Amino acid sequence: MKKIVLSALVLGSLLVSCSDDDNGGNGGDKVVAPATYSFTRNGETTVSFSGQTTRIEMGHEFIDALKDTSKSEEDLDGMFTNTGDKFDDADLNASTKSIRSKTAASADYFSANTTDANAIKADFDAWIKAQVDEVYPNWDVDAVAGTAGKIQEAGGGDTRYVNAKGLEYNQAINKGLIGALMVDQALNNYLGTAVLDAGSNVADNDAGTVSEDKNYTNMEHKWDEAYGYVYGVNADPANPNADLGADSFLNKYIGRVEGDTDFAGIADDIYQAFKLGRAAIVAKDYDLRDEQAQIIREKISEVIGIRAVYYLQQGKANLGTDNASAFHDLSEGFGFIYSLQFTRKPGTDTPYFTKAEVDTFITTLTTGNGFWDLDAQTLDTMSDIISAEFDFTTAQAGS
């Protein structure tokens with residue numbers, strides 16, 4: 001994979017700028033990314049990803065609501081499916097978008113695999129129900145092994161609300177959606193040739209034929225939609241590295257990984273690949289476009305793997321001495337582990353870990369009394385298995 005990234009960077013150093021669609025050439029032209037994610041046609045922007053911004057904003061309200069004990073299962077389900085006007089933001093209620101409809105819904109992974117898609121959606125439905133049925137009624141009960149309730153971090157820290165196995169359902173849902181919605185839609189849907197090259201997209205892009213009543217070609221728009229799942233709520237989406245952490249989903253954790261000196265530069269690798277891939281579409285260089293998609297898949301998948309290992313190791317450090325902190329980290333780790341099934345190995349049609357492999361990890365974490373029963377060896381073994389599939393070590397990711 002390092003060779004792929006290196007070759008792309010070397011190629012980029014040889015290319016000349018092409019940041020405006022009117023200046024686009026043919027597949028033989030040399031292309032580089034513009035300074036920011038800014039593309040125009042006839043002086044007007046061609047970039048649009050409002051649907052992705054809407055779903056991220058829905059996700060924010062939904063995640064917050066999971067810790068509001070006044071909410072019913074109907075309220076939370078209504079936010080997940082966008083039915084019944086359950087959002088505080090009237091614009092979200094009026095939208096035709098929903099979180100659930102795009103959960104485990106990519107063309108590459110789930111269009112022909114409705115069994116797994118339905119099972120994954122059912123997991124989220126079950127976690128929502130369990131938050132209401134198991135955790136809310138025990139909000140003021142002290143949690144112990146086998147009993148849901150509250151548990152406070154050492155030194156008067158935050159109070160966490162867990163199920164009988166120590167799991168925070170709100171964290172499982174939050175981090176699980178990073179994979180099932182943001183990663184799956186970006187890597188396995190909008191960056192895939194099944195979507196980018198669907199129908200007459202290639203011919204239309206070659207001819208500069210825009211979508212009806214729009215200023216972009218359909219191929220341009222699909223690439224932008226992938227971009228939107230990563231940067232859709234940044235203050236300046238054209239220059240998003242300036243405020244990484246703008247959302248509670250993928251953008252936030254790209255920023256967290258970037259902040260680790262072992263992985264410094266990963267945020268810009270992702271951003272540059274998005275820009276160059278979009279510029280390649282403008283220039284009709286589809287080989288270059290697909291090379292950038294592979295870089296994005298590798299780097300975003302790596303973010304998921306790194307954070308899965310990070311939280312397992314952080315949980316291990318506090319297990320038995322500060323269980324509230326440990327369980328919080330392990331709950332986040334649970335969600336990132338769940339998200340591993342939506343990652344994508346560059347050059348393949350497969351994730352770094354299959355659903356069956358992820359299900360095995362989840363079973364290990366939740367057997368018996370779950371987090372209450374875990375030990376350091378189990379967490380180290382799981383961390384090492386995950387790290388071995390990527391180009392990093394457990395020590396690098398875990399600190």
Side-chain angles (χ1 to χ4, degrees), residues 66 104 115-116 118-138 141-151 153 160-180 304-343 351-389 394 397-398:
L66 288 165
T115 298
D116 283 354
N118 290 336
I120 290 162
K121 287 180 172 68
D123 283 340
F124 286 94
D125 293 338
W127 294 335
I128 292 168
K129 178 176 175 57
Q131 179 75 349
V132 175
D133 292 349
E134 300 171 18
V135 178
Y136 285 179
N138 280 22
V141 174
D142 289 331
V144 294
T147 301
K150 60 184 175 66
I151 182 169
E153 294 178 353
R160 307 300 180 181
Y161 300 90
V162 302
N163 74 355
K165 295 177 184 288
L167 174 67
E168 292 178 271
Y169 286 120
N170 59 302
Q171 291 297 334
I173 293 169
N174 186 344
K175 276 56 180 185
L177 281 175
I178 292 174
I304 302 302
I306 290 166
R307 294 311 283 188
V309 171
Y310 173 83
Y311 284 119
L312 291 177
Q313 290 298 301
Q314 294 300 303
K316 183 189 76 169
N318 288 307
L319 200 61
T321 57
D322 180 2
N323 278 339
S325 294
F327 291 177
H328 178 63
D329 286 325
L330 292 172
S331 295
E332 294 190 86
F334 178 105
F336 276 103
I337 287 169
Y338 194 84
S339 289
L340 287 170
Q341 64 193 296
F342 308 103
T343 57
Y352 282 82
F353 290 90
T354 66
K355 184 179 188 303
E357 290 170 328
V358 166
D359 288 346
T360 298
F361 287 146
I362 297 301
T363 297
T364 298
L365 292 172
T366 57
T367 294
N369 286 319
F371 296 170
W372 297 94
D373 290 344
L374 289 174
D375 56 39
Q377 182 59 57
T378 298
L379 296 175
D380 279 340
T381 298
M382 191 176 298
S383 297
D384 290 343
I385 291 171
I386 295 169
S387 297
E389 290 297 314
T394 293

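Bear in mind the structure is a predicted one, so any value in this text is a computation, not a measurement.
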Whether [X] side chain and [Y] backbone form a donor-acceptor pair below 3.5 Å:
X	Y	result
K165	G368	yes
N138	V135	no
Q314	A326	no
N369	D373	no

Go through it in stages, so that I can follow the logic: the residues are L66 and Y169, the test is side chain to side chain contact (heavy atoms under 4.5 Å, CB included), and I'd like the CA-CA distance, side-chain angles, deciding distance and then a yes or no. CA-CA 8 Å; L66 288 165; Y169 286 120; over 6 Å; no
What pair of heavy atoms forms the shortest contact from S339 to G176, and how long is it? OG-O, 3.5 Å
I need the minimum non-hydrogen distance between V309 and S383, along with the two atoms involved. CG2-O, 3.7 Å
Sub-4.5 Å side-chain heavy-atom contact between [X] and [Y]:
X	Y	value
E332	D329	yes
D142	K150	yes
T394	I385	no
N318	N323	no
L340	Y352	no
Y161	N170	no

D359/K355 ion pair, N-O < 4.0 Å: yes
Between I337 and the options T364, I304, L365, the side-chain contact (heavy atoms from CB on, under 4.5 Å) test singles out L365
Identified side-chain contact (heavy atoms from CB on, under 4.5 Å) counterpart of F353 within the set T343, T360, V358: V358
Could you grab the distance from atom [atom1] of [X] to atom [atom2] of [Y], nearest 0.5 Å is fine?
X	Y	atom1	atom2	answer
L312	L330	CG	CG	6.5 Å
S331	Q171	OG	CD	6.5 Å
I386	R307	CD1	CZ	13.5 Å
E153	R160	CD	CZ	4.5 Å
D123	N118	CG	CG	11.0 Å
L177	F342	CG	CZ	9.0 Å

Could you pull out all residues at least two apart from F336 that satisfy ring pair (Phe, Tyr, Trp, His ring centres under 6.0 Å)? Y253, Y311
For F327, check ring pair (Phe, Tyr, Trp, His ring centres under 6.0 Å) against everything at least two apart and list the hits. F371, W372
Go through the steps for Q131 and I128 under the test side chain to side chain contact (heavy atoms under 4.5 Å, CB included), then give the verdict. CA-CA 5 Å; Q131 179 75 349; I128 292 168; 5.9 Å; no
Tell me, with the steps shown, if M382 and F361 meet side chain to side chain contact (heavy atoms under 4.5 Å, CB included). CA-CA 7 Å; M382 191 176 298; F361 287 146; 3.7 Å; yes
Determine, step by step, whether Q341 and I120 satisfy the side chain to side chain contact (heavy atoms under 4.5 Å, CB included) criterion, reporting the C-alpha distance in whole Å, the side-chain angles of both residues, the deciding distance to 0.1 Å, and the verdict. CA-CA 10 Å; Q341 64 193 296; I120 290 162; 3.6 Å; yes
Which residues pass the side chain to side chain donor-acceptor pair (under 3.5 Å) test with D380, sequence neighbours left out? Q313, K316
